[in-house]
Number of protein chains: 2
Amino acid sequence: MNLNKAIQHKINNKTKPLGSLGKLEEIALKVALLQNTLSPKINVPTLVVFAADHGIVAEGVSPYPQEVTWQMVMNFISGGAAINVFTKQNGFNIQIVDAGVNYTFEENLAIKNLKIAYGTRNFLHEPAMLTDELFSAFNKADTLVNEIFSSGSNCIAFGEMGIGNTSAAAIIMNKITGIAIEECAGKGTGLSNEGLVHKIMILKKAMLKHQTKSVESILQTFGGFEIAMIYQSILKAAENKMLIIIDGFIVTAALLAAHVTNPSIINFCVFAHQSDENGHKAMLKFLNVEPLLNLQMRLGEGTGAALALPLVQAAVNFLNDMASFESAEVSDKLIN
Amino acid sequence: MNLNKAIQHKINNKTKPLGSLGKLEEIALKVALLQNTLSPKINVPTLVVFAADHGIVAEGVSPYPQEVTWQMVMNFISGGAAINVFTKQNGFNIQIVDAGVNYTFEENLAIKNLKIAYGTRNFLHEPAMLTDELFSAFNKADTLVNEIFSSGSNCIAFGEMGIGNTSAAAIIMNKITGIAIEECAGKGTGLSNEGLVHKIMILKKAMLKHQTKSVESILQTFGGFEIAMIYQSILKAAENKMLIIIDGFIVTAALLAAHVTNPSIINFCVFAHQSDENGHKAMLKFLNVEPLLNLQMRLGEGTGAALALPLVQAAVNFLNDMASFESAEVSDKLIN
């Protein structure tokens with residue numbers, strides 16, 4: 001019996017009607033296959049929040065001023081944000097990374113300094129980053145994920161903070177899926193209808209300005225530093241056979257790019273929450289995946305991943321800890 | 001400022017875009033209103049699994065033999081069922097109750113003996129219970145819920161085990177909602193298509209046999225003991241201003257009955273999971289409520305409630321523990 005069949009046999013012999021744990025059964029199978037075992041475990045689950053700024057905010061694509069990025073990072077550091085509350089509750093390690101915030105943080109703070117620059121350039125006028133900056137972001141992400149893996153973690157998730165980053169993500173989505181930019185762009189943290197029309201106009205203008213041929217050129221041209229790091233982190237996590245909990249519009253945009261580079265990446269991913277941000281539903285449909293949660297949230301930060309972890313843990317726990325029909329001496333014989 | 005407005009003000013001033021925590025914001029508001037405080041808490045959450053047998057199984061309405069009820073109860077007692085795994089993981093106290101199983105459990109087991117009888121009568125031929133039995137079930141449920149409340153619990157959920165109980169629940173649903181029995185009855189633990197046709201035929205025959213005018217007469221006529229106890233437990237929990245996490249086809253049928261008796265009961269309820277059992281979606285629509293989860297499960301036992309508890313806890317935690325824009329010194333000023 002191959003492993004896939006052996007896992008399915010173990011699932012089917014738990015004391016429950018066949019298939020009755022629904023999506024949890026799919027996750028149990030996925031995690032067990034990934035870990036190549038009948039008894040998978042979630043070890044040191046770690047959520048990395050990458051923060052960076054975006055030059056495109058000069059064009060008025062967000063209702064919030066750019067300094068909200070560093071202010072929210074300080075909030076992450078002092079434990080007051082939604083992602084802090086949810087990771088603490090559900091047993092996720094949290095790591096905050098400065099991927100390129102337009103602010104100098106003091107050295108003694110609980111933030112990892114992987115800063116590429118003080119924000120990207122304004123992609124309405126020039127590429128968001130230099131080639132060197134893109135590869136520096138990749139290298140730093142590789143090192144970070146390898147460190148987390150070496151610390152014993154086999155489960156990783158990503159969050160982000162960056163005023164203006166839904167603009168970058170919308171273009172990445174458009175470039176990779178071919179879905180019209182009007183369907184990719186949304187209200188982000190709370191644009192008005194007029195604001196959204198303006199944002200789409202800016203994005204269209206910016207896309208006319210640049211030719212992009214590869215995933216790397218898309219990331220370099222439109223950014224941001226946090227998206228480039230998440231893209232590379234996803235690829236590196238899969239190399240390390242880690243389970244990846246995907247959440248949010250920005251992170252899923254990075255996954256779309258990673259999916260071009262490595263189409264089998266989906267085998268390593270569990271999808272946490274369907275964001276209320278316009279476009280996220282279409283991204284998930286494009287990838288042909290279904291999220292665990294739909295709570296009408298649109299907060300980013302990785303909040304959906306933090307909230308989904310107990311469901312992933314439940315999938316692993318039922319596989320390990322539920323009795324089988326044999327062990328519990330429960331009849332699995334149907335009458336007919 | 002009244003409490004409702006004060007809670008909403010507190011929610012809106014958390015460091016996040018307005019409304020961006022979606023359904024969690026609704027739950028935070030509900031729990032805070034229920035507890036009459038800006039700082040609600042979930043104390044000693046308790047999940048009670050009521051088990052009982054059903055005379056109607058003599059008509060072949062379930063693919064599993066009746067002894068699976070007591071066998072699964074033994075599985076609950078020894079900790080091997082899905083509900084044990086999920087309540088243990090998420091910090092739910094679990095209490096197993098013999099409401100009327102067709103089996104004599106040894107006295108030293110971790111099960112509360114509230115047995116009304118060794119299963120209900122076959123409602124194809126006679127009412128499932130005597131009037132005295134119904135009121136005895138109500139009294140025992142009242143005492144149980146008051147005990148749990150007195151132990152410091154302010155949050156309760158219900159599960160059930162009873163081969164044949166989807167038949168009783170389908171009739172209760174039909175009687176209260178007026179929805180055709182074909183839409184109320186489902187495959188339960190795994191009937192075949194032919195089995196479902198037979199089940200519906202039996203239920204129609206049974207309904208022609210009896211006149212029922214009140215909620216109490218519906219419960220007495222069609223049962224079961226576990227459903228009657230859940231019905232009364234829901235009403236008593238609301239009297240005690242406890243938060244009630246509703247999950248599953250059987251428990252929601254009991255809630256439909258409780259909703260006739262006390263239409264404001266919905267204010268005390270959070271809805272956990274939309275079951276794959278046919279009819280559950282229509283029940284939720286009838287009540288005009290949306291569940292937190294849709295994991296395609298159809299296991300019963302209260303498993304959805306156990307899995308939803310971390311989301312309820314997250315709602316309470318963000319309200320208590322997130323920073324406000326003022327306290328975190330994050331700009332809440334929009335640019336425009």
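Keep in mind it's a predicted model, so treat the numbers as computed, not measured.
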Heavy atoms only, distances under 4.5 angstrom: which of [options] has the most pairs with chain A? Name it, please.
| options | answer |
| --- | --- |
| Met74(B), Arg298(B), Glu26(B) | Arg298(B) |
| Leu307(B), Asp276(B), Asn320(B) | Leu307(B) |
| Glu329(B), Lys16(B), Gln313(B) | Gln313(B) |

Heavy-atom side-chain proximity of [X] to [Y] below 4.5 angstrom:
| X | Y | answer |
| --- | --- | --- |
| Glu290(B) | Gln296(A) | yes |
| Ser20(B) | Met297(A) | no |
| Pro310(B) | Asn90(A) | yes |
| Leu292(B) | Leu293(A) | no |

From [X] atom [atom1] to [Y] atom [atom2], the distance as rounded to the nearest 0.5 Å:
| X | Y | atom1 | atom2 | answer |
| --- | --- | --- | --- | --- |
| Phe318(B) | Leu299(A) | CZ | CG | 10.0 Å |
| Gln89(B) | Leu311(A) | CD | CG | 8.0 Å |
| Thr303(A) | Leu21(B) | OG1 | CG | 6.5 Å |
| Leu24(B) | Phe86(A) | CG | CZ | 5.0 Å |
| Lys14(A) | Asn75(B) | NZ | CG | 10.5 Å |

Side chain, backbone, both or neither of [X] within contact of chain A (heavy atoms, under 4.5 Å):
| X | result |
| --- | --- |
| Glu67(B) | neither |
| Met72(B) | both |
| Asn84(B) | neither |
| Asp321(B) | both |
| Ser78(B) | neither |

Counting heavy atoms not belonging to Lys281(A), are there more than 12 under 6.0 Å from its NZ? no
Would you say Glu106(A) has more than 12 foreign heavy atoms packed within less than 6.0 Å of its CD? no
Could you tell me whether the side chain of Gln71(B) and the main chain of Ser331(A) form a donor-acceptor pair under 3.5 Å? yes
Contact class of Glu277(A) relative to chain B, heavy atoms under 4.5 angstrom: neither
Name the region of Asn294(A), side chain, backbone, both or neither, that has any atom closer than 4.5 Å to a heavy atom of chain B. backbone
Taking Gly22(A), Gly195(A), Gly79(A) one by one, which has the highest count of heavy-atom pairs under 4.5 Å against chain B? Gly22(A)
